[in-house]
Amino acid sequence: MSTATTGITRAPAGGPGPLHTPGATHLATRGGAVKGLWQHAKLYTVLFGLMAPSILTLILFTYYPQFGAIRYSLYKWDGTEQGVDWVGFKNFIEAFTADPLFWQSFKLVLILLAANIVKMWPSIIAAVTLHRLKSERFQYIYRVLFVVPMIIPGVVSLLIWKSFFDAGSGALNAFLNASGLMKALMHLDYSMAALAASGFGTAVRDGFVINGVSGLWYMVLLGAILVFSRVFVRMFGMDDSSKAWTAVTVTGSLLIAAAIILGLLTCVWPTRPLKQFDFGTPAWLGNQNLIIPSVIFWGFPWVGTVGVLIYLAGLQNITADVYEAAELDGVGSIRRLFAIELPLILTQVRINLIFLTIGTITDYGFFLLLLGPNGGPGGKGMVPGLYMYESAFIESRFGYACALGMILFVILLSITVLYQKFVRVDK
Amino acid sequence: MSEPTSSDPRDESSSRINGNVVGIIFLIVAFSVSLVISVKNTLSVERPTKPVLRIAHWQLEAGYRDALQAVIDDYKKLHPELDVVQMPVTEALYKQWINTQLISGTAPDICEMGQSELLSKDEGTVRYFMPLSGEISKINPYNKGTDLEKTPWKETLLDGMRGGFRDGLQDYYGISTTYTSMRLFYNKELLKNAVEFYNSTGPSPKAIDGPPHTFGQWMTQCQALKAYAAAKDPAVLPVVSCYGVFGIQAKFEPAFTAALANDCDLDLDGITTDLEGYIAYKRGWIDLQTPQIKAVYETTRQVGDQMQQGFSGMDRQTAQFRFVNGQAGFLWTGSWDAKGTDVQAKSKGFEIGIFPVPDPGSGEPNSQYIVGNAGETIAGAGSYGIAKSSKHIDQALDFLRFISSRAENEKFNAIAEWPPLTIGAKPSELMKPFTPDLRGLNSRLSLSFGTRVTQTANAQLLNYYQGDDTFESFAKSFRDVINDPDRGGDWAWWFLFDQRQSDERNAERILAQAQTLELLDPGSGDQARYRRALLQEVSKNNGQDYLYQFKNYRGFNMPMH
Amino acid sequence: MAKRAGWLLILLCSTAGLARAEAPADEGRAAIANLDWKTAIRYYEPLAANARPGTPEWTQASFCLAVAEQQFQPASASTIGTAEQLYRAIIDQSGDKRYVARSLMNLGRIAELRDYTGDKIDLATARKFYAQVAEKYDGDPVASEATLREAAAFVMEYDAPDFVLARQGPPLLEKWLAAHPNDTFAAPMWQTAGDAYFMPLEDWKNALRCYEQVDRIGWIDPANSGPWFWRCARIAEKLGETKTAIKYYTKIINEAPNSGKGYASVLALKRLGAPVPNNPLFADPATQPAGKEAGHE
């Protein structure tokens, strides 16, 4: 097992830190203090001097354009130099009070976020598998194989997937037909439609409604309250280790799970079969009911190069003695994953979670290329990023699009803060 | 990365080539070669041996660059003191590239107009491009010896140079070299086989082999292709489209709705705008159930039935691929794709035919609502403008005269296989079917108003055209969208009014510029152009007519957002 | 010798000073030509500040500065206010009537236009300024322009249902044209009058009369005259003036065949029983389904 070679070398506890300048004495004598300060100053000057180009580049090419977006969100702007008109917060007021389409576009994003959190796991498992390979040669080979696809531009990969999804000549339909899975999907289509149309489905969907909102949402809400109540209790320093609290958490989780299952069984499928699978040529990107599953399925088997490499880097920080201790304790491979590897790479998981959330909420290029600017048939593929693109480049309302961007920024920042707070990294 | 171990390290270094060193050497060599080539190219541009006229465009379609090069070569023969080079840039990059070039003052002498805001919006055009109105009324000397030799340059083009005209600036900024139109391409061999097979089964009516004259005949041919596909080759589709189905819908609109459109044309300018259509809708004159309007949708739906299930997921490249590989009978695309499609079809062993979308004939479904054939207009495309920063403005102007002369325009478009724009220039055999037929009606009524409404309605309409939804369901969705107080037709009306006020304000800037320059340098301005621009501005009434019309037709003041 | 050297030095400095003074004005002019108002302000502000009020240099610099402030984007109450002040100063202090006239006009434009969100439109004030220019500078093209603007500012009131103010627009133009029949702005004036009669006044007879005047003088945008011919033809048909309708349908076929109404005009002429001009673009009219013709109510 390779030893850790990455990461900042931490100094032993109680000793001087890595920035301690050899030979500098800390305020031992007056002359010594001046000399020490001067040497500190020299060191920091060099350090900041070396960082300056990167910081300046970052400010100029990353932060400065963002301030442009903040500025233009307060204007009515048609994209030209002359077409600028100060409107104050009008764009924001319009977004919050008179643009329901923007908020509806978050529906798909929430679904994708949930799906993407599940889709993180194949990368983690791939990284763990790679990490546990005994042969260093094969580890190297597989690492290279993981990196090679990075040279393919994202757009090319998108277009390849688009051709996979083609109804007539796509590889996906060819595989489903050849493997017999198309027939299974056809049966699923008819069964799910029958279930949705049945008395039970109708009762859950239309009968279990409180104040115009489906009862399933109330189940989710109640479940979430129960689960998070334990978190709040912990935050206030109260004891949550009793069995009663465990029961509360389990009950809450079961409520959420039940709501999800009932929802999937009765609310997702239309009451009439799609009939897309009958002839073996479902239009994955051309049928409004198949767009969301297609978008979720995109990227299968969801083993992303960057994710795997990040997790691998984290796993390689785990020292050999930890594994030796686990082996001595008789810890099995599954338990090793959940008890050792996963907790120790939680920093990387959190980073990936943040990037994943940002990407999911802001992405629009993917939907634009696959579905077009109106989000495909029925507008089912409309996401906030695409809506922003439409506002800017189709309606020529660049100022309004900047305001939508600012709103997205605030939402993302809030989510990131939540992640930082609640996805704990126990060192 | 860990390396395999060995008992004697010396053996490793002598017997194995270090891959890292190979990589570094390769990198250095590649970088050096590209550096040398870049420097050489830069030097040749910056230190030319004679004046260089540069022409930038984004047309990478088959044949275009060869065509332009042929014209350039002819021009160089006449003007050996000048060098002319073309600079093709990928369409995806053209916008950013030309913006940078224009702003930095290093733009090529002649630039194809389009793609970027600097080229398409008035403020950018007036800042970076030369107005041409002073030149286009002169004779084009390169038409000498033809019947155009005494005709002003402007009148020598089929569109009267409208393709390069800017309404807001009331001036000409570009010279078009061609025009475009859309047609149906068909696979002659596949159609022949399908028709033979289908007719042998004894149907009625029989399918015809060749361009259909009516919509019904076309649909019968599609049935033939479906039958052929079911029996012989399941991969065959009757129709594929590079640009979806809305372009085909637009072809049906004049035929069915021209009379309705005239009735709804409130300002009697011959064009029924979306606003006029919305007013008619709100006054209850028309709705989606109006027979003529419904006929457009129903006819287009029939076309959708001939396309692949979920055809909205098929992009341009896939459609072309299916067609040139013999997997589709008909392809809907434009004249710019003709050459490429023809070449590829021939390489696969079949010939293509081209014809316009036919209207329903007498006795066919919905034919009772047909008021006339749909006509076409000629709109110039492929416009080139002269950058103000050019050091060779006279030469650039001369080149544009050259390329728009009858002989050269004909030659250019013959090689590129695009339709020629100069009067009297003969189109190639492949381009003849693209000649617009002006013998038809142009008024159309399209029941949609506002970008938001159109985008949302089209997303629902796709479901109907793909057979995933009924017309009634689409009609309900459409009504919900257009009646939405937040983003529906009334909001679009306000947006139009707001847009008009902004446009007027921008037009005012251009007028103010002209007035000021005239004061500073009396007699320097084009007064005729100034009066045209002034009238243009005055006639728009700062958008106040929109407020008045709203109150008049909706019965209440326009809600100010 | 020293004296000569001194004079030479003074001469050189003056020339250099002059050259320096000219350069910013040239730069400012170039900025205006490029619609670069920000740069124009930068050059003209010191020129206006340093010149003696009332002098030609001051007038020119102040006017250009005022225009740049007025047209600067994003506009605000502050920039428009600055422009107004400068225009008023020019009106009060400049002896150059061209600049004074244009300053009055621009004050009218400021009152008439919505320069920024929240700006109020004051058509009555705008008309006052235009009327001043029309009265004081009769004989100058700016007076014609002012009259046109004033009339348009009346029409823009759209004071339904009686249109008391809007109705004052066309007669104002007709009165001016009666006094100045060869005015260079005659065509746009007749056209504006015709437009006003057409909408909102719905006085089609007078609208056609005004358009006929434009046709007599010459359409201001001959390349785009198709829609106007069509409007004239349709109004004439509605009024029962068949001869006039035929005239304009024929004009479309002969002069604006590519306007999009060419073939519809062919059908209209056939419907009216008039001879159809021989235009090769419409040589073989396509067969029409029985009983249906476009353009017929």
Side-chain angles (χ1 to χ4, degrees), chain A residues 2 76 78-83 85 90 93-94 97-101 136-137 139-140 143-144 155 159 162-163 165-170 274-276 279-291 294 369-382 390-391 394-397, chain B residues 1-4 92 117-118 121-124 127 234-237 240 244 307-315 317-318 321-322 325 327-328 450-452 454-469 477 484-487 491 495 498-499 501-503 505-506 509-510 561:
Chain A
S2 56
K76 190 181 75 173
D78 66 358
T80 62
E81 215 176 295
Q82 304 291 329
D85 194 8
K90 214 166 156 209
I93 294 169
E94 184 182 336
T97 61
D99 197 353
L101 286 174
E136 282 182 15
R137 187 186 181 83
Q139 237 197 56
Y140 175 71
R143 271 210 303 270
V144 169
V155 169
L159 292 173
K162 194 171 179 186
S163 73
F165 280 129
D166 185 72
S169 58
L274 301 177
K275 296 193 182 177
Q276 286 285 311
F279 302 106
T281 55
W284 295 101
L285 298 177
N287 181 278
Q288 61 176 348
N289 296 304
L290 293 178
I291 284 174
S294 306
L369 268 172
L370 250 49
L371 303 167
N374 56 5
K380 291 290 183 179
M382 184 59 72
E390 213 186 359
S391 299
I394 305 217
E395 288 189 337
S396 290
R397 300 184 73 202
Chain B
M1 240 181 294
S2 55
E3 293 177 359
E117 293 85 29
L118 290 182
K121 292 210 174 183
D122 290 345
E123 295 80 12
R127 185 186 281 214
V236 164
L237 293 165
V240 291
M307 297 167 78
Q308 179 178 272
Q309 182 174 258
F311 60 79
S312 61
M314 182 185 281
D315 59 21
Q317 286 74 17
T318 309
F321 178 83
R322 298 292 293 266
N325 281 289
Q327 292 175 2
T451 318
R452 178 65 54 207
T454 307
Q455 291 284 95
T456 314
N458 280 353
Q460 302 301 330
L461 190 53
L462 270 176
N463 284 337
Y464 169 62
Y465 283 152
Q466 290 181 157
D468 297 328
D469 216 353
S477 307
D484 179 10
D486 288 326
R487 279 289 189 272
W491 181 86
F495 187 72
D498 194 57
Q499 197 70 34
Q501 290 214 305
S502 297
D503 289 346
R505 197 58 189 85
N506 289 339
R509 285 191 186 86
I510 292 165
H561 288 251

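Reminder, nothing fancy here: chain letters follow the sequence lines and each chain counts from 1. Predicted, not measured: the structure shown is a model, and the values here were computed from it.
With a 4.5 Å cut-off on non-hydrogen atoms, A/Pro373 touches chain B through its backbone and its side chain both. No part of A/Lys380 comes within reach of chain B, as not one of its non-hydrogen atoms sits under 4.5 angstrom from that chain. Looking at B/Gln308, only its side chain comes within 4.5 Å of chain A, counting heavy atoms on both sides. Heavy atoms closer than 4.5 Å to chain A are found in both the backbone and the side chain of B/Gln460. Both the backbone and the side chain of B/Asp498 have a heavy atom closer than 4.5 Å to some heavy atom of chain A. In this structure, no portion of A/Ser163 lies under 4.5 Å from any heavy atom of chain B. Of the two parts of A/Ile93, neither the backbone nor the side chain holds a non-hydrogen atom closer than 4.5 Å to a non-hydrogen atom of chain B.
Listed here is the closest heavy atom pair of A/Lys76 and B/Ser502: NZ-OG, 2.9 Å. The two atoms that bring A/Gly379 and B/Ala459 nearest to each other are N-CB, 3.4 Å, heavy atoms only. Closest of all the heavy-atom pairs between B/Ser312 and A/Gly286 is OG-CA, 3.5 Å.
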Note to self: Evaluate B/Arg487 against A/Asp99 for side chain to side chain contact (heavy atoms under 4.5 Å, CB included), listing each step before the verdict.
What the structure shows: CA-CA 7 Å; B/Arg487 279 289 189 272; A/Asp99 197 353; 3.1 Å; yes
Note to self: Between A/Thr97 and B/Asp486, is the side chain to side chain contact (heavy atoms under 4.5 Å, CB included) condition met? List the steps.
What the structure shows: CA-CA 9 Å; A/Thr97 61; B/Asp486 288 326; over 6 Å; no
Next item on the list: In sequence, state the C-alpha distance, the side-chain angles, and the governing distance for A/Leu101 and B/Arg452, and then conclude on side chain to side chain contact (heavy atoms under 4.5 Å, CB included).
Entry: CA-CA 10 Å; A/Leu101 286 174; B/Arg452 178 65 54 207; 3.3 Å; yes
Notebook entry, point to check: Given the rule in the side chain to side chain contact (heavy atoms under 4.5 Å, CB included) test, do A/Lys162 and B/Asp315 qualify, once you have shown the distances and angles that lead to the verdict?
Noted result: CA-CA 9 Å; A/Lys162 194 171 179 186; B/Asp315 59 21; 3.5 Å; yes
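Between B/Gln455 and A/Ile394, some side-chain heavy-atom pair lies under the 4.5 Å cut-off. Residues A/Asn374 and B/Asn458 are in side-chain contact: their nearest non-hydrogen atoms beyond the backbone lie under 4.5 Å apart. For the pair A/Gln276/B/Asp468, a side-chain contact is recorded, criterion being any heavy-atom separation below 4.5 Å from C-beta on.
B/Phe495 pairs by the ring pair (Phe, Tyr, Trp, His ring centres under 6.0 Å) definition with B/Trp491, not counting sequence neighbours. Shown here are the side-chain hydrogen bond (donor to acceptor under 3.5 Å, both in side chains) partners of B/Gln499, two or more places apart in sequence or in another chain: there are none.
Of the listed residues (B/Thr451, B/Asn463, B/Leu462), the one with the most heavy-atom contacts under 4.5 Å to chain A is B/Asn463.
B/Arg322 and A/Asp166 are joined by a salt bridge, as a carboxylate oxygen and a charged side-chain nitrogen come within less than 4.0 angstrom of each other.
Judged by distance alone, with hydrogens and angles left aside, the side-chain atoms of B/Gln309 form no donor-acceptor pair with the main-chain N or O of A/Ala167 at under 3.5 Å.
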